[in-house]
Every structure is written in C-alpha cells, then in structure tokens.
*Asks:* 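This is the structure I want to talk about, given as structure tokens.
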Protein chains: 2
Amino acid sequence: MSSAESRPTTRADVARLAGVSTAVVSYVVNDGPRPVASATRRKVLDAIRELDYHPNPSARALKTGSTGLIGVVVPEILNSYFSEFVDAIDVAARSQRKSILLSITHEDSGTEAEVIPNLVRRGVDSLIFNCRLVNAELYQAGDARTPRVLLDRADLVGGIPALGADLGQGARLATEHLAGHGHTRIGYIGGPLPADRQDYRRQSWHDVLTERGLPVPAPAITAWRPTGGFEGVRELFAGPETPTAIFAASDQIAIGAMHALHQLGLRIPDDVAVVSLDGTAETAYSWPPLTTVRQPFEAMAEAALAELASGSVTAPTERERVLFPMTLLLRASCGCREQEGLG
Amino acid sequence: MSSAESRPTTRADVARLAGVSTAVVSYVVNDGPRPVASATRRKVLDAIRELDYHPNPSARALKTGSTGLIGVVVPEILNSYFSEFVDAIDVAARSQRKSILLSITHEDSGTEAEVIPNLVRRGVDSLIFNCRLVNAELYQAGDARTPRVLLDRADLVGGIPALGADLGQGARLATEHLAGHGHTRIGYIGGPLPADRQDYRRQSWHDVLTERGLPVPAPAITAWRPTGGFEGVRELFAGPETPTAIFAASDQIAIGAMHALHQLGLRIPDDVAVVSLDGTAETAYSWPPLTTVRQPFEAMAEAALAELASGSVTAPTERERVLFPMTLLLRASCGCREQEGLG
DNA sequence: TTGAAAGCGATACCAT
DNA sequence: ATGGTATCGCTTTCAA
C-alpha cells in the first residue's frame, strides 16, 4: 500500500521496544483488564512516548465493536436553532470522549435517504435526530440495536425515544409575560405542524388568553422562518383589530415579524411588543433585542447523550415524555428593558 | 461480547448463502479488483439483499487504511460565518462520499489541544482547519502524511496549504460601492489581527479612499463580534467629524454597529449607510437588510476538499496563495434598495 | 473466473 | 504478572 515511507507505529513496535508482549501494551493502554507491574508499565509508557504511538482506531473499533462516533442529523445548520443543538451536543459528546459525525439533510428526502444510511454504514454507535424526517422509516435505519433518540420535541414519533423542551410551558411564560405588561390584544404567529403533532405553543397562548378573559384573535399560521413572521404580521394587521403584542412561536418567526413591523413604521415595543420562543443566541443582536423563552439546549443535549449511553431500547410508548423547562430571557422587545448596549 | 442476540451479518454469511468464497463477495461489493461472472454476481447481490448485509466500516478501514472521514475544526458554530463553512463543507464532502467529523474549539487552547489530537486518533483521512489555532503546533497534529488545509484565509500560517476569499478585493468592492453612493466620509470598523497577518480589508478601504482623494478617518479597531461593531460606532461618532457611511469588516461587526446606530437614533441608510463583509445568511434578516460582500463559501469548500483529495504535500511557501473572488450583495443598508419584504 | 489464505492492528482469554 | 495467540471483518495476492 504505502511505499518506502515509515509506517505508523503499532503496538508491536511498542512491545518490542519495551521488551514486553503486545498483550501487556494493551493492558497498559486500556488500563486493564489485567493488572501490570508498575515497573513494566513505566517501560511501556516510555516506549509509547518515544515512538509517539497512537492506537489505531479502526482496529480497536473492529475488535470492540464500538467506534465512539455519534451520528447527528440536522435539517440545516444556517439556522441558529440547530447550531445551538449542535454546539450543545458537541460539548456533551466531548465530555464523554465521543465524536460527532454531522449530517445535514437540507430537509430533502433524497439527501435524508442518502446520509442516514451512510451514518449507519460508518458504524456510528448511536444516532441523534435533531429533525423531523420526511421519510419516517429512516428513523429506524441500520441495526435495531443502535440506540437513537429524537432531540427537539417530546412527541413520540418514528417509534424512538424523544425528548424536548416543554413548549407548552414556554409559550405560557411568553404569553403571560405579555399579558403582565398589560396587553389585551396579543396575536400569535406560528408555523404549520403535521397532523400528528399537537401545537403546544399555540394551545398555551390560547389557554392563557381565555384564562384571563382576553379576546383570542385568529392566529396566523404561516411558516417557521423569517418569511413566516413577515407574512404573519401582514395577516394580523390586515383587519381593524390590530394587536398590541405578538407572541412569535420561534425566534426565526420573530425576526421576520419585526421586519414587517419596522416596515409598517411601528415601534417595538412601544406600538407592538414581541416575545418569541427558542432563545437562540442571535436574538441578542436583533433590533430591538428580543425577549425570548429559551430552550435548555445544554441540558437537553446532555440528556440525549445520557439516554443513548443508557442503551435503553425501551419502547417509546411505554416511556414518559421527557420535557425540559424553558426560561424567560428578558430584553427590550417586550418593553422590559431599555435598549441598551450590547453585552 | 454480545449475548444470544443475532450478530450482524458478515461477508462470510453472504458467501455461505451465495455459495461462493468471501473473496468473490468482496469483488462484488467493491466492484473489483477482479471481475465476477454475472451469474455469480447475481447470487451474491441476492444474498446481500436477503441478509441485509452492510460491510463493517472498521474492518474495511483497518484493511485499507482509510476511514473516509474528514476532520473539521471550527472555533464556534453559533456564529453564522462558520455555519456557512460547515454547510458548504458538508455538501462538498457528501459529493465525495466522505463524512465530516466536527469539532468546536470555542477558541479555547485547552479544548483545541484536546479535540484536534482526538480527531487524529479517530483516524480522519484529512483535516480542515476553519480557524486560527491558539497553539500553532496543532496544525501539524498527527501523521505528517495526513493532508490538511487552512480554510478561511489565504495567509500562509501554520505551515500548511491555505485558501480563502480575496478580502482585499471584497473590501474594495464594499468601499467603492459606498463611494459610488456619493459618500465622502466613510468610516471603517474592524477587529484586531495578529501581527503576522496583513489586514487586507482595512488596507483596501484605505486605498480606495486615497485613490479617490477622500479623507481617511481613523479606523475603529475593536473586535470581530457585534460588541466590536457597537463600540466601533461609539468611537466613530465620538468626534465632530462623523461618517455618513461605514464599512464594517464583518457581518457580525455590522450587526453590532447597526445596533449602536439605532440607539443613536440614526436612520440607516438615510443618515448612515452600512456595508459589510462576509455575506452570511443572517444578513438578509437584519434591520435593515445588510448590503454585504459575500465570500464564495461553496467554491472555497469545494476547493478545500479538492486540495485534500489531491493529497499534495507541497510546502505551502512554494504555493501560490489561492484567493476566491467575493461578490456584492445589494440590499437596503447601503441605500440601493427599498426596504421591501423578505424573500 | 474463483478460492484459499495472509494479513491490517488491537483485544482479551488461556496459559504459565 | 506476563506471554502466546485466536479473533474481529475485510481486502487482495497468489494459485488453481
């Protein structure tokens, strides 16, 4: 294969230099399963250092049946929402000495069908789906024993364990905060959801309004992106009864909504207050800075890894839905803060 | 190791079922290196399908010495600038049937020193550094034969091939555009650069102003983040001679700068026009939408992969600097466009 | 065209 | 405590 170049050192080289067997090298490297006399261990460690030896990961994986790789599937990465997850997963994975194999589907069914089996072929130990797949069968790709988890929502979809933020509680937080500011006409802009998923965000918004005896305007259901927020504002401001506050079901929507509000010449929060959901980093830099309800990305990522590590293959229907509480981030768009400098 | 559960099928199972040797299975799977009679091939393919056989990637990697993995190192992922690269690299890698092993350093030297050797240990075939490392020795981590490239800048740093956007040309585009709008007091906000790197952006800005006989105000050198833009505006507007246009050396800076301008009650672009550099996706949704000079992320990622695939280990000093032209994206912040709806 | 078999590098059992 | 060695699954040379 390779020419006259020096081959990378193997455990045999180390064994030779240290004057021990390859088994002992293994015991030292892996700190087990057999004990090694400390003098011998020294020799081995010295040899390892001298030769700059690094165990071959493929050989190890072949033998142990584990690669230490976690496949992470996201629909896109240019959306901070998913970047937040990837960032959190990366940190959590590192603390477990795992590495992440990232795949981006671009929400395309062809790409999905290509990358997911590919991840499996690469021998990932486990899979994190941070997205809704177009083709639900792919949730089951590969060996049934490969642990997998749906990170993003707590709905039981695709027949696998799932965990996500408590969107209902988060939406309640947001809506109540707006109501607390004295707003009585609080509009809602959200995106569409497949029939099998409950819209907790919209539901909580609705619940809070009715609980408080406030009128419930028609919600604007558009798209989960800035354009959706833009259109949403157009809808909400088309009629005579315009809202004085808006609960945007995602940061992306809020960003588009604020765009539309600026264009209409409405001041935020003076004319219209805005609160959104997700709490991605970019909301700190929007104009005005967004008050938003943040998902506990770090905690969710850690929990996802823990779930995978547990290797539980419990049927999801038997499991509790695992929900993570969201927290309110107060900034300027709701009227709480002056529009100060940047942190 | 595993208990009574059925082991995953191996090529031996396939060979048995198809009634051929394992070598033939290999020939079929790999389409070589020996030809196989079409009747035999059929039998093998049928057996593969029936057993749902998937070659073990670790065994293959062990034998071939190649994992098909590309290590990608970014300083952060919550910054769209790097998301753009990761997205582009992912696409380019997929087209080469490679997978990306992502690591985020958080610009921390400890994390750097942990994740890069880890990538190497995992047996990546090649490395893409999409960041400046705190510890320059790490550029050389692992086997010297592992191809690696610095993607982001064309400076020859760390002793490895590098490629990046033509920042000088991009900055010229931006500055000339502002001048073309009739501005005569064009400020500059940028971040600090290590002593060994030329500041092409600032230089081009300077060049354009002098070429046109325009006054060259003191540039604001702050930080490559929104806070830097914020402070930069404070600086530029501290004196009596305030600019009517700002060239922000990055999108992040521009976002922070617009924040400060909004706070000062200045209208964009009427009172102050803004043009930035990078062209990340989020600039379409800022308020107002940013006119920016975009880096050709896709082309750069493709070139990086091509460079790695070529396996050239040419000493970087002997290489031409590879520069990619940037393109102007016209939006509202410069005054070119009305502040219309969202795409 | 196909089969037998020698490794790739590491692990861990069975001896000693 | 340490050494010898079978084995993981695949690739590919050498023989047939």
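Worth saying up front: this structure is predicted, and the values here are computed from it rather than measured.
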*Asks:* Taking salt bridge (charged side-chain N to carboxylate O under 4.0 Å, His left out) as the test, write out the residues that go with B:R197, two or more places apart.
*Replies:*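 Checked B:R197 against salt bridge (charged side-chain N to carboxylate O under 4.0 Å, His left out); matches are B:D155.
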
*Asks:* What is the distance, to the nearest angstrom, from the CD1 atom on B:I48 to the P atom on D:dC10?
*Replies:*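 Going from B:I48 (CD1) to D:dC10 (P), I get 10 Å.
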
*Asks:* Starting at the 5' end of DNA chain C, which residue's closest nucleotide do you reach first, B:A59 or B:R34?
*Replies:*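 Whichever sits nearer the 5' end wins; that is B:R34.
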
*Asks:* Between A:G19 and B:H54, which has a closest nucleotide on DNA chain D that is more 5'?
*Replies:*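 Nearest nucleotide further toward 5': that of A:G19.
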
*Asks:* Just grab all the side-chain hydrogen bond (donor to acceptor under 3.5 Å, both in side chains) pairs involving residues 113-125 of chain A, residues at least two apart or on different chains.
*Replies:*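 Those involving residues 113-125 of chain A are A:S66-A:D125, A:T67-A:D125, A:N118-B:S99, A:R122-B:S99.
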
*Asks:* Which atom pairs, donor and acceptor, lie under 3.5 Å between side-chain atoms of residues 132-139 of chain A and protein residues at least two apart or in another chain?
*Replies:*
residue: A:R132; atom: NH2; partner: A:D196; partner atom: OD1; Å: 3.3
residue: A:R132; atom: NH2; partner: A:D196; partner atom: OD2; Å: 3.1
residue: A:N135; atom: OD1; partner: A:E137; partner atom: N; Å: 3.1
residue: A:Y139; atom: OH; partner: A:L133; partner atom: N; Å: 2.8

*Asks:* Using a heavy-atom distance cut-off of less than 4.0 Å, which residues of residues 20-29 of chain A contact DNA chain D?
*Replies:*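 Per residue number, the list reads A:V20, A:S21, A:T22, A:A23, A:V24, A:Y27.
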
*Asks:* Please report the end-to-end axis angle for the helix from C:dT1-D:dA16 to C:dT16-D:dA1, five pairs per end, rounded to 10 degrees.
*Replies:*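 Computed angle between terminal axes is 40°.
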
*Asks:* By nearest nucleotide on DNA chain D, pick out whichever of A:P35 and B:R11 is the more 5' one.
*Replies:*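 Final value for this comparison: A:P35.
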
*Asks:* B:A37 side chain: which of C:dT1, C:dA6, C:dG9 is closest?
*Replies:*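 When the side chain of B:A37 is considered, C:dT1 is the closest of C:dT1, C:dA6, C:dG9.
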
*Asks:* Are B:R16 and B:D13 within salt-bridge range, i.e. N to O under 4.0 Å?
*Replies:*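 Result for this pair is yes, salt bridge flagged.
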
*Asks:* Quick one: A:D31 CG to C:dA12 P, roughly how many Å, whole number?
*Replies:*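 So the two atoms are 13 Å apart, to the nearest Å.
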
*Asks:* Only pairs under 3.5 Å count here: list side-chain donor-acceptor contacts from residues 17-39 of chain A, not counting sequence neighbours, and write none if there are none.
*Replies:*
residue: A:S21; atom: OG; partner: A:A23; partner atom: N; Å: 3.3
residue: A:S21; atom: OG; partner: A:V24; partner atom: N; Å: 3.4
residue: A:D31; atom: OD1; partner: A:R41; partner atom: NH2; Å: 3.2

*Asks:* Of all residues at least two apart in sequence or in a different chain, which pass the salt bridge (charged side-chain N to carboxylate O under 4.0 Å, His left out) check with A:R97?
*Replies:*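 Counting only residues at least two positions away or on another chain, A:R97 forms no salt bridge (charged side-chain N to carboxylate O under 4.0 Å, His left out).
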
*Asks:* Counting only non-hydrogen atoms, which of residues 114-127 of chain A are less than 4.0 Å from DNA chain D?
*Replies:*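 Within this stretch, nothing sits under 4.0 Å of the strand.
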
*Asks:* Listed by chain and number, what are the side chain to side chain donor-acceptor pair (under 3.5 Å) partners of A:Q295, not counting sequence neighbours?
*Replies:*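 In terms of side chain to side chain donor-acceptor pair (under 3.5 Å), with neighbours along the sequence ignored, A:Q295 is linked to A:Y81, A:D278.
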
*Asks:* Just how far, in rounded Å, is C1' of D:dT11 from NZ of B:K63?
*Replies:*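 Value for this atom pair: 5 Å.
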
*Asks:* Taking salt bridge (charged side-chain N to carboxylate O under 4.0 Å, His left out) as the test, write out the residues that go with A:D108, two or more places apart.
*Replies:*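 A:D108 satisfies salt bridge (charged side-chain N to carboxylate O under 4.0 Å, His left out) with no other residue.
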
*Asks:* Over all heavy atoms of both residues, which pair between A:A299 and A:F324 is shortest? Give the atoms and the distance, please.
*Replies:*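 Result for this residue pair: O-CE2, 3.9 Å.
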
*Asks:* By nearest atom, which of the nucleotides D:dG9, D:dT2, D:dT11 is closest to the B:N56 side chain?
*Replies:*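 So the nucleotide nearest the side chain must be D:dG9.
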
*Asks:* Could you give the NZ-to-C1' distance, from B:K43 to C:dT1, as a whole number of Å?
*Replies:*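 Rounded to the whole Å, the gap is 12 Å.
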
*Asks:* Please confirm whether the backbone N or O of B:S126 pairs with a side-chain atom of B:T146, one donor and one acceptor, at under 3.5 Å?
*Replies:*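 No; zero donor-acceptor contacts below 3.5 Å.
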
*Asks:* Can you list the residues that meet the salt bridge (charged side-chain N to carboxylate O under 4.0 Å, His left out) rule with B:E107, with sequence neighbours excluded?
*Replies:*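 Salt bridge (charged side-chain N to carboxylate O under 4.0 Å, His left out) check on B:E107 returns nothing, list empty.
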
*Asks:* For B:S103, enumerate each residue passing the side-chain contact (heavy atoms from CB on, under 4.5 Å) test, keeping only those at least two apart in sequence or located in another chain.
*Replies:*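 Residues passing side-chain contact (heavy atoms from CB on, under 4.5 Å) with B:S103: B:V115, B:L119.
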
*Asks:* Please state how far atom CG in B:L62 lies from atom C1' in C:dG9, giving the value in whole angstrom units.
*Replies:*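 Value for this atom pair: 5 Å.
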
*Asks:* Using atom CZ of A:R16 as one end and atom C1' of C:dG9 as the other, report the distance to the nearest whole Å.
*Replies:*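 Spelled out: CZ on A:R16 to C1' on C:dG9 is 13 Å.
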
*Asks:* Looking at C:dA12, C:dC8, C:dC14, which one has an atom nearest to any side-chain atom of A:N30?
*Replies:*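 Side chain of A:N30 sits closest to C:dA12.
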
